[in-house]
Each structure stands twice: as C-alpha cells, then as structure tokens.
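Remarks on the structure that follows.
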Amino acid sequence: MKVIVTGGAGFIGSAVVRYLIEETDWEVVNLDKLTYAADLTFLEPVSGDPRYQFERVDICDRAALEELFARHRPDAVMHLAAESHVDRSIDGPADFIQSNIVGTYTLLEAARRYWDGLAGARKRAFRFHHVSTDEVYGSLGPVGRFVEETPYRPNSPYSASKAAADHLVRAWHKTYGLPVVTSNCTNNYGPRQFPEKLIPLTILNAVAGERLPVYGKGENVRDWLHVEDHARALVLILRHGRIGEKYNVSADCERTNIAVVRRICAILDELLPDSPHRPHERLIAFVADRPGHDERYAMDSTKLRRELGWAPRFDFEDGLRQTIRWYLDNKGWADRIRAERYGGERLGLGGGHAAGTAVPAAQ
Ligand code: NAD
C-alpha cells in the first residue's frame with residue numbers, strides 16, 4: 001500500500017505521516033509546497049525510513065501532480081494540504097481560494113485521470129480521502145451538535161473555502177465515480193502546532209511574560225481533539241470508511257476559550273514555579289473580537305465510533321500538559337519560528353488586502 005499525504009509537513013499531516021510509518025507497513029509520499037506553516041523537522045523521526053519520501057509540490061500545479069501520480073502509482077491520497085488559519089483568511093483570502101479550492105480541484109482532476117487509467121482490483125481499492133473541518137457547518141447556539149447531515153453554513157473565508165472543497169470532492173464522486181471519503185474534525189491541539197493558533201500562542205506568550213490575547217469575552221466554545229487521536233481516526237477512515245460517506249471526528253471535549261487559557265496559565269504556574277510571570281492569569285487581556293466569530297462548535301461523532309470503532313485516547317487535561325511540556329522542551333524551535341516567521345502579532349481584524357497575506361518564504 002502506498003499513500004500520498006498532501007500537507008504532510010504541516011501540524012496534522014506530519015502526525016499522519018509519522019503514524020503511518022511507525023504503525024503500519026505502508027509507503028508514504030509526503031507532498032507539500034512548504035508554506036510558512038510547514039516544517040520538515042516534524043518528519044525527522046521517520047525521514048530516514050526507506051518507506052518515506054518527500055516531494056515539494058504545489059497542489060495547484062497540475063503537470064507536477066500528474067507526473068507525481070504516474071511515478072509513484074499510489075493506492076490512496078489523504079488530502080490535508082490547505083491554508084488553515086481563520087485569522088489569516090480574514091486578512092488575505094486569496095491564498096485560501098487558491099490552495100483550498102483551486103488546489104483541491106486540481107488534485108481531484110489529477111487523481112481522477114490517474115484512477116481512470118487503473119484497472120481491476122487496484123481501481124476498486126483506490127481511495128481519495130479529503131480532510132475537512134467542523135467550521136463548514138457554521139456556528140451553534142448553546143445547545144445541539146453538528147451531525148454529518150447538518151447543512152453547510154460557513155462564516156469565514158477559511159471555512160467557506162473548505163466548504164467549497166468538500167462540495168467539489170462530493171461532486172467528483174457523484175459525477176465521475178471517484179472513490180472518495182470525507183472527514184470533518186473539530187479543533188486539533190498537540191505538540192508542533194504553529195504558534196498562531198490559540199493554545200500554542202497562549203503557551204509561548206505566557207512563558208515570555210507577554211499578554212495573552214482573548215478575543216471578545218472568551219466565551220466562544222471549541223471542541224478539542226488531540227492531533228494523535230485525529231491521525232488514528234484518519235487512517236481508520238481511509239481503511240474502512242464507506243465510499244462517498246462523511247465522518248465527523250470529535251472527542252466530545254467542549255471548552256470555552258477563556259477556560260482553556262486559564263487552564264494553560266494554571267499548568268504553567270505549576271511547571272514553572274520560579275517564573276517571574278506567575279500567576280500567569282494576570283497576563284490575560286480581552287481584545288477586539290474576530291469579525292464573524294463563530295460562537296460554538298460541537299460535533300457528534302457517533303457514526304465514526306459505531307461504524308469504525310474509533311474512540312479518543314487522550315484526556316484533554318493530559319493532552320494539554322503533554323503539549324505544554326513539548327513547547328517548554330522545544331524552546332529553540334519556538335524562538336526560531338517567532339524570529340523568522342511569526343512574532344505573535346494580532347491577525348484577523350480584516351486589515352489585509354485581496355492579494356493575500358504576505359508571509360515569509362518557506363524553507
Ligand atoms: P497546517 O497549516 O499546519 O499545515 C498545512 C500544510 O499544507 C502545510 O505543510 C503547507 O505547506 C501545506 N500546503 C498549503 N498549501 C499548499 C499547496 N498549495 N500545495 C501543497 N501544500 C500546501 O494545517 P493543519 O492544522 O495541519 O491542517 C491540516 C488540514 O486539516 C487542513 O486541510 C485543515 O483545513 C484541516 N483541519 C485542521 C484543523 C485544526 O484544528 N488544525 C481542524 C479541522 C480541519
């Protein structure tokens with residue numbers, strides 16, 4: 001079995017690649033453009049394995065994709081490559097339209113052409129697994145949870161671009177018969193997440209004694225999933241998910257943003273008894289809300305649990321501690337990211353322009 005993982009140098013994609021090399025006997029081709037969010041050091045534990053290969057390719061480049069499919073002849077594609085940060089999509093939607101919509105379209109076409117050329121058992125066994133988000137469903141009030149049939153109501157340029165990609169994947173199945181499966185997951189956390197996202201930003205700012213920005217009143221609710229539980233779910237869905245179906249992935253772990261930030265502060269107080277910034281909660285600063293900020297996400301993953309037997313292994317408290325320890329133990333990595341790629345400044349107030357967010361060149 002040989003699988004192409006797109007976005008395999010990102011936060012979730014690299015967890016999937018490590019899982020596949022360490023826990024299965026599959027061959028893995030990591031296909032990634034290496035944007036600001038990518039980091040090949042995440043692959044160091046597996047990059048020496050003969051079953052692992054890296055290809056620097058943009059999913060918008062049709063010719064490069066076709067050459068890659070022809071050369072590697074994969075049995076499956078796991079599609080994770082995307083621009084992934086809501087705030088950046090507010091400041092500069094262009095990159096999101098390009099990579100998430102045009103890129104998914106281009107990848108679907110390259111996969112379809114390759115799949116059309118397969119025959120027999122190989123053709124029947126081929127899968128295209130598209131990885132998406134709960135944000136396509138929009139925002140919930142205080143009650144209820146998203147199910148696979150919940151209508152799409154995306155509110156940010158990011159979620160709209162992911163929703164468009166989900167629709168394209170569905171259409172390529174219905175129209176052309178491409179054997180696809182789609183999964184929509186909740187907010188991921190864990191080691192190696194780029195420090196523009198809530199949990200790593202809060203950890204790094206708190207350690208440095210900088211203010212901890214909390215949008216609005218901090219009462220927005222997110223449903224948290226450890227990245228390693230997600231990686232395990234994705235491989236299960238690729239292996240055993242039914243063609244043309246969607247699967248929601250959630251660990252049933254709803255928390256308000258302010259509760260998460262307070263918990264990080266409390267754990268840091270404990271782990272860093274000599275820090276001059278204790279109690280870290282003093283650093284919390286309520287700042288202007290994100291435009292169009294979704295109030296609450298929560299997902300029902302009964303289908304995944306019942307059909308495929310998945311269950312999360314991480315308890316949120318343990319996962320958060322493990323994550324905080326990773327950032328404390330990898331201060332050199334975090335300092336390098338802050339110096340070279342993102343210094344922690346506020347994003348997402350809509351001050352950008354349609355040409356896309358300027359980000360430093362990839363490695
Ligand atoms: P990430 O930003 O950490 O990584 C994305 C990766 O995709 C990077 O390595 C980047 O270089 C690559 N990439 C971007 N554009 C590309 C292009 N045009 N061609 C090739 N590679 C490209 O993102 P992540 O958090 O790991 O998310 C992975 C996937 O999971 C995304 O599709 C995202 O929408 C989805 N998702 C993420 C979360 C989350 O909480 N992080 C939640 C739900 C769904």
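As the structure lists them, so they are numbered: ligands from 1, and atoms in each ligand from 1. The basis for the numbers below is simple: all heavy atoms, side chains too, and nothing from hydrogens, waters or symmetry mates.
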Give me the ring orientation class for Phe146 and Tyr297: parallel if the planes are under 30° apart, tilted from 30 to 60°, perpendicular past 60°. tilted
Output yes when the distance from some N or O of ligand 1 to some N or O of Phe11 is under 3.5 Å, and no in every other case. yes
Do me a favour and list the nearest non-hydrogen protein atom to atom 21 (N) of ligand 1 with residue, atom name and distance? Lys33 N, 3.1 Å
What about His79: any of its N or O atoms under 3.5 Å from an N or O on ligand 1? no
Would Arg192 pass as a cation-pi partner of Phe11, given that its NZ or CZ must be under 6.0 Å from the six-membered ring centre and within 45 degrees of the axis? no
With heavy-atom distances below 4.5 Å as the criterion, would you say the side chains of Val287 and Arg346 are in contact? yes
Does ligand 1 have an atom that lies less than 4.0 angstrom from a heavy atom of Ala15? no
Asn100 and ligand 1 - part of the residue with a heavy-atom distance under 4.0 Å: neither
I want to check something: taking the side chain as every heavy atom from C-beta on, are Thr186 and Trp224 in contact at a cut-off of under 4.5 Å? no
Looking at Leu234, Leu225, Asn30, Ile12, the heavy atom closest to atom 27 (O) of ligand 1 belongs to Ile12
Would you kindly specify which portion of Tyr158 sits under 4.0 Å from ligand 1, judged on non-hydrogen atoms: side chain, backbone, both or neither? side chain
Does atom CZ of Arg51 have more than 12 heavy-atom neighbours from other groups under 6.0 Å away? yes
Apply ring-ring contact (aromatic ring centres under 6.0 Å, His included) to residues Phe42 and Trp333 and explain how you reach the verdict. CA-CA 11 Å; Phe42 297 166; Trp333 175 84; 5.8 Å; yes
Test: Glu307 and Arg242 ion pair at under 4.0 Å: yes
Ligand 1 versus Asp134: contacting region, heavy-atom distance under 4.0 Å: neither
Proximal ligand 1 atoms for Cys185, defined as those under 4.0 Å from one of its heavy atoms: 42 (C), 43 (C), 44 (C)
Under 6.0 Å from the NZ atom of Lys174, do we count more than 12 heavy atoms belonging to anything else shown? no
Considering the heavy atoms of Thr186, write down every atom of ligand 1 situated less than 4.0 Å from one of them. 42 (C), 43 (C)
How about Phe194 and Tyr36: are their ring centres within less than 6.0 Å of each other? yes
Using a strict threshold of under 4.0 Å (side-chain N to carboxylate O), is an ion pair present between Lys162 and Glu135? no
Closest to atom 7 (O) of ligand 1 (judged by heavy-atom distance), picking from Ala82, Ala38, Ser132: Ala82
Region of Thr6 engaging ligand 1 - heavy atom pairs below 4.0 Å: neither
Any non-hydrogen atom of Gly103 lying under 4.0 Å from ligand 1? no
Quiz question: by atom type and distance under 3.5 Å, do the side chains of Glu55 and His72 form a donor-acceptor pair? yes
Return yes or no for this condition: an N or O of Ser84 is under 3.5 Å from an N or O of ligand 1. yes
Which ligand 1 atoms, with their elements, are less than 4.0 angstrom from a heavy-atom of Val131? 30 (O), 32 (O)
Which of the ligand 1 atoms, numbered from 1, are nearer than 4.0 Å to a heavy atom of Asp58: 17 (C), 18 (N), 19 (N)
Please list, in number order, the atoms of ligand 1 under 4.0 Å from a heavy atom of Lys162. 31 (C), 32 (O), 33 (C), 34 (O)
Which of the numbered atoms in ligand 1 are below 4.0 angstrom from a heavy atom of Ala37? 2 (O)
Hydrophobic cluster membership, with links at side-chain heavy-atom distances under 4.5 Å among I/L/V/M/F/W/Y: are Leu308 and Val235 in one? no
Identity and distance of the protein heavy atom lying nearest atom 15 (N) of ligand 1: Ser99 OG, 3.5 Å
Atom indices of ligand 1, in the order listed, that fall short of 4.0 Å to a heavy atom of Thr35: 10 (C), 11 (O), 14 (C), 15 (N)
Counting only nitrogen or oxygen atoms and a 3.5 angstrom limit, does Gly10 reach ligand 1? yes
Side chains of Thr133 and Asn184: is there a donor and an acceptor less than 3.5 Å apart? no
Starting from atom 11 (O) of ligand 1, locate the nearest protein heavy atom and write down its residue, its atom name and how far away it is, to 0.1 Å. Asp32 OD1, 2.5 Å
Backbone or side-chain N or O of Ala81 under 3.5 Å from ligand 1 N or O: no
Among protein heavy atoms, which sits nearest to atom 40 (O) of ligand 1, and what does the distance come to when rounded to 0.1 Å? Asn188 N, 2.8 Å
So is there a nitrogen or oxygen of Thr133 less than 3.5 Å from a nitrogen or oxygen in ligand 1? no
Can you confirm, on distance only, whether ligand 1 has an N/O atom lying under 3.5 Å from any N/O atom belonging to Asn187? no
Check ligand 1 against Leu34 and write out every atom of the ligand that is under 4.0 Å from a heavy-atom position of the residue. 11 (O)
Side chain or backbone, does Leu80 bring an N or O within less than 3.5 Å of an N or O on ligand 1? yes
Asp166 and Tyr152 side chains, donor-acceptor separation under 3.5 Å: yes
Arg71 atom CZ: more than 12 heavy-atom contacts under 6.0 Å: yes
Between Asn188 and His226, do the side chains contain an N or O donor and an N or O acceptor separated by less than 3.5 Å? no
I'd like the name of whichever of Asp39, Ile59, Leu31, Val249 reaches closest to atom 19 (N) of ligand 1 through any heavy atom. Ile59
Judged by modelled atom types alone, do Asn248 and Tyr137 share a side-chain donor-acceptor pair under 3.5 Å? yes
